[in-house]
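Working notes, structure below.
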Amino acid sequence: DGGITQSPKYLFRKEGQNVTLSCEQNLNHDAMYWYRQDPGQGLRLIYYSQIVNDFQKGDIAEGYSVSREKKESFPLTVTSAQKNPTAFYLCASSRLAENTGELFFGEGSRLTVL
Amino acid sequence: RKEVEQDPGPFNVPEGATVAFNCTYSNSASQSFFWYRQDCRKEPKLLMSVYSSGNEDGRFTAQLNRASQYISLLIRDSKLSDSATYLCVVRKGYGQNFVFGPGTRLSVLP
(Lines give C-alpha, C1' and ligand atoms only; values in the text may rest on other atoms or scores of the structure.)
Protein backbone atom coordinates (compact mmCIF):
# COMPACT_ATOMS: atom_id res chain seq x y z
CA ASP A 1 0.00 0.00 0.00
CA GLY A 2 1.27 3.48 -0.85
CA GLY A 3 1.49 6.01 1.88
CA ILE A 4 3.52 8.13 4.25
CA THR A 5 5.26 6.65 7.26
CA GLN A 6 6.29 8.78 10.18
CA SER A 7 8.35 7.60 13.13
CA PRO A 8 8.46 7.57 16.01
CA LYS A 9 4.78 8.00 16.84
CA TYR A 10 5.58 9.25 20.35
CA LEU A 11 8.81 10.82 21.48
CA PHE A 12 9.97 12.27 24.76
CA ARG A 13 12.92 14.58 24.94
CA LYS A 14 14.79 16.40 27.63
CA GLU A 15 15.32 20.12 27.22
CA GLY A 16 18.48 20.91 25.31
CA GLN A 17 18.41 17.76 23.17
CA ASN A 18 18.01 17.63 19.42
CA VAL A 19 15.61 15.05 18.02
CA THR A 20 14.98 13.88 14.48
CA LEU A 21 11.57 12.83 13.18
CA SER A 22 11.50 10.51 10.22
CA CYS A 23 9.16 10.81 7.23
CA GLU A 24 9.17 8.38 4.30
CA GLN A 25 6.75 8.24 1.37
CA ASN A 26 6.31 5.71 -1.42
CA LEU A 27 3.76 7.70 -3.38
CA ASN A 28 6.39 9.06 -5.79
CA HIS A 29 5.38 12.59 -4.82
CA ASP A 30 7.74 15.43 -5.57
CA ALA A 31 6.65 17.77 -2.79
CA MET A 32 6.93 17.07 0.92
CA TYR A 33 5.95 19.21 3.91
CA TRP A 34 6.28 19.42 7.66
CA TYR A 35 3.52 20.95 9.75
CA ARG A 36 3.20 21.59 13.44
CA GLN A 37 -0.11 21.47 15.30
CA ASP A 38 -0.63 22.69 18.84
CA PRO A 39 -3.71 21.70 20.89
CA GLY A 40 -6.84 23.37 19.57
CA GLN A 41 -4.86 25.10 16.83
CA GLY A 42 -4.59 24.85 13.07
CA LEU A 43 -1.64 23.48 11.12
CA ARG A 44 1.39 25.70 10.64
CA LEU A 45 3.99 25.08 7.97
CA ILE A 46 7.56 24.51 9.17
CA TYR A 47 9.45 23.54 5.99
CA TYR A 48 8.65 22.25 2.56
CA SER A 49 10.55 20.74 -0.33
CA GLN A 50 9.55 20.51 -3.97
CA ILE A 51 12.62 18.71 -5.25
CA VAL A 52 15.55 16.68 -3.97
CA ASN A 53 18.32 18.74 -2.40
CA ASP A 54 16.12 21.82 -2.15
CA PHE A 55 13.82 23.03 0.59
CA GLN A 56 12.20 26.25 1.73
CA LYS A 57 11.28 27.73 5.10
CA GLY A 58 7.67 27.89 6.03
CA ASP A 59 6.01 30.19 8.52
CA ILE A 60 7.68 28.84 11.67
CA ALA A 61 11.08 27.44 10.61
CA GLU A 62 13.11 28.83 13.51
CA GLY A 63 14.57 26.06 15.65
CA TYR A 64 14.02 23.39 13.01
CA SER A 65 16.13 21.91 10.21
CA VAL A 66 15.42 19.50 7.36
CA SER A 67 17.17 17.65 4.56
CA ARG A 68 15.95 16.14 1.29
CA GLU A 69 18.66 13.82 0.06
CA LYS A 70 16.18 11.36 -1.46
CA LYS A 71 12.81 11.89 -3.04
CA GLU A 72 11.21 9.48 -0.58
CA SER A 73 12.60 10.96 2.61
CA PHE A 74 12.21 14.31 4.39
CA PRO A 75 13.44 14.11 8.01
CA LEU A 76 12.85 16.97 10.43
CA THR A 77 15.25 17.83 13.25
CA VAL A 78 13.87 19.73 16.20
CA THR A 79 16.86 21.52 17.67
CA SER A 80 17.45 22.81 21.16
CA ALA A 81 16.91 26.30 19.77
CA GLN A 82 13.18 25.60 19.37
CA LYS A 83 11.68 27.22 22.46
CA ASN A 84 8.37 25.34 22.64
CA PRO A 85 8.87 22.03 20.83
CA THR A 86 6.07 20.07 22.49
CA ALA A 87 3.53 19.57 19.67
CA PHE A 88 2.03 17.19 17.14
CA TYR A 89 4.19 17.05 14.00
CA LEU A 90 2.67 16.06 10.68
CA CYS A 91 4.51 15.17 7.50
CA ALA A 92 2.67 15.39 4.19
CA SER A 93 3.29 15.03 0.48
CA SER A 94 1.62 16.03 -2.75
CA ARG A 95 2.03 15.77 -6.49
CA LEU A 96 3.66 18.88 -7.84
CA ALA A 97 2.68 18.52 -11.46
CA GLU A 98 -1.04 18.59 -10.79
CA ASN A 99 -2.56 21.93 -10.01
CA THR A 100 -5.35 20.44 -7.98
CA GLY A 101 -3.55 17.59 -6.21
CA GLU A 102 -4.36 17.24 -2.55
CA LEU A 103 -2.14 16.66 0.47
CA PHE A 104 -1.59 13.21 1.90
CA PHE A 105 -0.58 13.00 5.55
CA GLY A 106 1.37 10.58 7.70
CA GLU A 107 -0.05 9.56 11.07
CA GLY A 108 1.99 12.15 12.91
CA SER A 109 4.65 12.22 15.61
CA ARG A 110 3.81 13.52 19.06
CA LEU A 111 6.80 15.16 20.73
CA THR A 112 6.84 15.96 24.43
CA VAL A 113 9.66 17.87 26.05
CA LEU A 114 10.16 16.98 29.70
CA ARG B 1 -6.64 39.16 8.48
CA LYS B 2 -5.86 35.43 8.25
CA GLU B 3 -5.57 33.98 4.78
CA VAL B 4 -8.21 31.32 5.46
CA GLU B 5 -10.94 31.81 8.07
CA GLN B 6 -13.63 29.44 9.29
CA ASP B 7 -16.63 29.50 11.59
CA PRO B 8 -15.17 29.43 15.09
CA GLY B 9 -17.36 26.63 16.43
CA PRO B 10 -17.79 24.33 18.19
CA PHE B 11 -21.02 23.12 16.65
CA ASN B 12 -23.08 20.78 18.84
CA VAL B 13 -25.94 19.23 16.87
CA PRO B 14 -28.31 16.28 17.41
CA GLU B 15 -28.11 13.19 15.25
CA GLY B 16 -29.96 13.65 11.99
CA ALA B 17 -29.45 17.40 11.88
CA THR B 18 -28.15 19.31 8.89
CA VAL B 19 -25.10 21.44 9.59
CA ALA B 20 -23.25 23.91 7.39
CA PHE B 21 -19.68 25.13 7.71
CA ASN B 22 -18.37 28.29 6.10
CA CYS B 23 -14.89 29.25 5.02
CA THR B 24 -13.54 32.43 3.45
CA TYR B 25 -10.17 32.99 1.82
CA SER B 26 -8.39 36.24 1.14
CA ASN B 27 -6.19 35.43 -1.87
CA SER B 28 -8.18 35.75 -5.09
CA ALA B 29 -5.46 33.83 -6.95
CA SER B 30 -6.33 30.63 -5.06
CA GLN B 31 -7.13 27.76 -7.39
CA SER B 32 -7.68 24.58 -5.41
CA PHE B 33 -9.96 24.05 -2.46
CA PHE B 34 -10.45 21.17 -0.10
CA TRP B 35 -12.28 20.07 3.00
CA TYR B 36 -10.33 17.82 5.35
CA ARG B 37 -11.60 15.98 8.40
CA GLN B 38 -9.42 15.55 11.48
CA ASP B 39 -10.34 13.25 14.34
CA CYS B 40 -8.96 13.93 17.79
CA ARG B 41 -5.21 13.26 17.94
CA LYS B 42 -5.13 11.93 14.38
CA GLU B 43 -3.89 13.20 11.04
CA PRO B 44 -6.17 15.17 8.71
CA LYS B 45 -7.82 13.14 5.96
CA LEU B 46 -9.28 14.44 2.74
CA LEU B 47 -13.05 14.65 2.85
CA MET B 48 -13.71 16.38 -0.46
CA SER B 49 -12.07 18.47 -3.10
CA VAL B 50 -14.25 21.46 -3.98
CA TYR B 51 -14.98 22.21 -7.62
CA SER B 52 -16.33 25.37 -9.19
CA SER B 53 -19.63 23.77 -10.03
CA GLY B 54 -20.08 22.38 -6.55
CA ASN B 55 -19.96 18.71 -5.75
CA GLU B 56 -21.76 16.16 -3.67
CA ASP B 57 -20.64 12.92 -2.07
CA GLY B 58 -23.44 11.13 -0.28
CA ARG B 59 -24.50 13.28 2.66
CA PHE B 60 -21.81 15.87 2.01
CA THR B 61 -22.11 18.83 -0.36
CA ALA B 62 -19.38 21.37 -1.05
CA GLN B 63 -19.88 24.70 -2.77
CA LEU B 64 -17.42 27.27 -4.05
CA ASN B 65 -18.20 30.93 -4.72
CA ARG B 66 -15.14 32.50 -6.33
CA ALA B 67 -16.67 35.96 -6.56
CA SER B 68 -17.22 36.06 -2.81
CA GLN B 69 -14.14 33.94 -2.05
CA TYR B 70 -16.23 31.62 0.01
CA ILE B 71 -16.43 27.84 0.42
CA SER B 72 -19.08 25.86 2.24
CA LEU B 73 -19.62 22.32 3.44
CA LEU B 74 -23.07 20.96 4.14
CA ILE B 75 -23.58 17.74 6.07
CA ARG B 76 -27.06 16.24 5.95
CA ASP B 77 -28.49 13.63 8.32
CA SER B 78 -25.48 13.92 10.59
CA LYS B 79 -24.19 10.79 12.33
CA LEU B 80 -22.31 10.36 15.59
CA SER B 81 -19.30 9.35 13.50
CA ASP B 82 -19.27 12.78 11.83
CA SER B 83 -17.93 14.27 15.08
CA ALA B 84 -14.54 15.72 14.17
CA THR B 85 -12.81 18.96 13.28
CA TYR B 86 -13.35 20.13 9.71
CA LEU B 87 -10.48 21.97 8.06
CA CYS B 88 -10.82 24.26 5.07
CA VAL B 89 -7.69 24.17 2.88
CA VAL B 90 -6.77 26.45 -0.01
CA ARG B 91 -3.97 26.21 -2.55
CA LYS B 92 -2.91 29.01 -4.87
CA GLY B 93 -1.82 26.70 -7.66
CA TYR B 94 1.03 24.78 -9.19
CA GLY B 95 3.97 24.60 -6.84
CA GLN B 96 2.22 26.69 -4.25
CA ASN B 97 1.66 25.74 -0.68
CA PHE B 98 -1.50 24.70 1.05
CA VAL B 99 -3.01 27.13 3.54
CA PHE B 100 -5.12 25.72 6.34
CA GLY B 101 -7.97 27.34 8.18
CA PRO B 102 -8.09 26.91 11.97
CA GLY B 103 -10.85 24.31 11.73
CA THR B 104 -14.39 24.03 13.01
CA ARG B 105 -15.18 21.37 15.56
CA LEU B 106 -18.40 19.40 15.21
CA SER B 107 -19.95 17.26 17.93
CA VAL B 108 -22.96 15.18 16.93
CA LEU B 109 -24.96 14.26 20.00
CA PRO B 110 -27.22 11.21 20.47
Side-chain angles (χ1 to χ4, degrees), chain A residues 2-7 9-10 21 23 25 27 29-51 54-61 86-112, chain B residues 1-10 21 23-25 27 29-53 55 57 62 64 66 71 84-107:
Chain A
I4 301 177
T5 302
Q6 287 187 240
S7 63
K9 199 165 183 177
Y10 299 95
L21 308 180
C23 178
Q25 55 101 357
L27 299 167
H29 285 171
D30 292 301
M32 296 187 74
Y33 311 79
W34 274 105
Y35 291 91
R36 169 183 172 139
Q37 189 175 36
D38 293 284
Q41 305 291 318
L43 276 69
R44 292 185 290 169
L45 182 64
I46 304 172
Y47 267 99
Y48 66 99
S49 168
Q50 297 183 350
I51 195 168
D54 187 48
F55 47 83
Q56 306 296 328
K57 292 182 179 180
D59 301 318
I60 55 165
T86 295
F88 186 41
Y89 290 89
L90 287 156
C91 179
S93 70
S94 72
R95 289 182 286 266
L96 200 56
E98 281 186 27
N99 198 32
T100 57
E102 76 263 24
L103 269 177
F104 293 79
F105 284 91
E107 292 187 340
S109 294
R110 200 165 295 275
L111 172 64
T112 302
Chain B
R1 183 187 170 191
K2 290 183 181 174
E3 199 166 342
V4 179
E5 298 194 71
Q6 295 186 240
D7 291 330
F21 299 129
C23 170
T24 56
Y25 59 96
N27 193 322
S30 299
Q31 296 191 22
S32 306
F33 310 91
F34 310 91
W35 283 102
Y36 276 74
R37 171 198 168 121
Q38 186 175 25
D39 292 294
C40 189
R41 300 175 72 83
K42 298 284 191 181
E43 77 277 20
K45 292 186 178 175
L46 181 67
L47 179 65
M48 297 176 77
S49 298
V50 186
Y51 304 118
S52 294
S53 55
N55 46 305
D57 183 3
L64 169 64
R66 284 187 186 272
I71 307 154
T85 296
Y86 290 83
L87 303 170
C88 176
V89 185
V90 172
R91 187 183 194 189
K92 282 183 279 189
Y94 176 87
Q96 299 296 310
N97 289 326
F98 296 79
V99 182
F100 284 77
T104 303
R105 185 170 172 189
L106 171 66
S107 292

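For the numbers below, each heavy atom of this structure counts, side chains included, while hydrogens, waters and symmetry mates do not. A quick note: this is a predicted structure, and the numbers were derived from the prediction, not measured. Every chain is numbered from 1, with letters handed out A, B, ... down the list of sequences.
Residue contact with chain B, scored on non-hydrogen atoms closer than 4.5 Å, is absent for A:Gln6. Within the 4.5 angstrom heavy-atom criterion, atoms from both the backbone and the side chain of B:Arg41 approach chain A. Contacts between A:Arg44 and chain B at a heavy-atom distance below 4.5 Å are absent for every atom of the residue. In this structure, chain A has a heavy atom under 4.5 Å from the side chain of B:Gln38, while its backbone stays farther away. Interface remark: B:Tyr36 contributes side-chain atoms only to the contact with chain A (heavy atom separation under 4.5 Å). In this structure, the portions of A:Leu43 lying under 4.5 Å from any heavy atom of chain B include both its backbone and its side chain.
Note on ring orientation: taking the six-membered ring where Trp is involved, the planes of A:Phe104 and A:His29 are tilted (angle from 30° to 60°).
Annotation: the span from A:Trp34 atom CH2 to A:Ser109 atom OG amounts to 5.0 Å, rounded to 0.5 Å. Separation of atoms CG (A:Asp59) and OH (A:Tyr47) is listed at 12.0 Å; rounding is to 0.5 Å.
Cation-pi check for A:Arg110 over A:Phe88 is met; the charged atom lies under 6.0 angstrom from the ring centroid and within 45 degrees of its normal.
A donor-acceptor pair under 3.5 Å is absent between the side-chain atoms of A:Arg95 and the main chain of A:Leu27, judged by distance alone.
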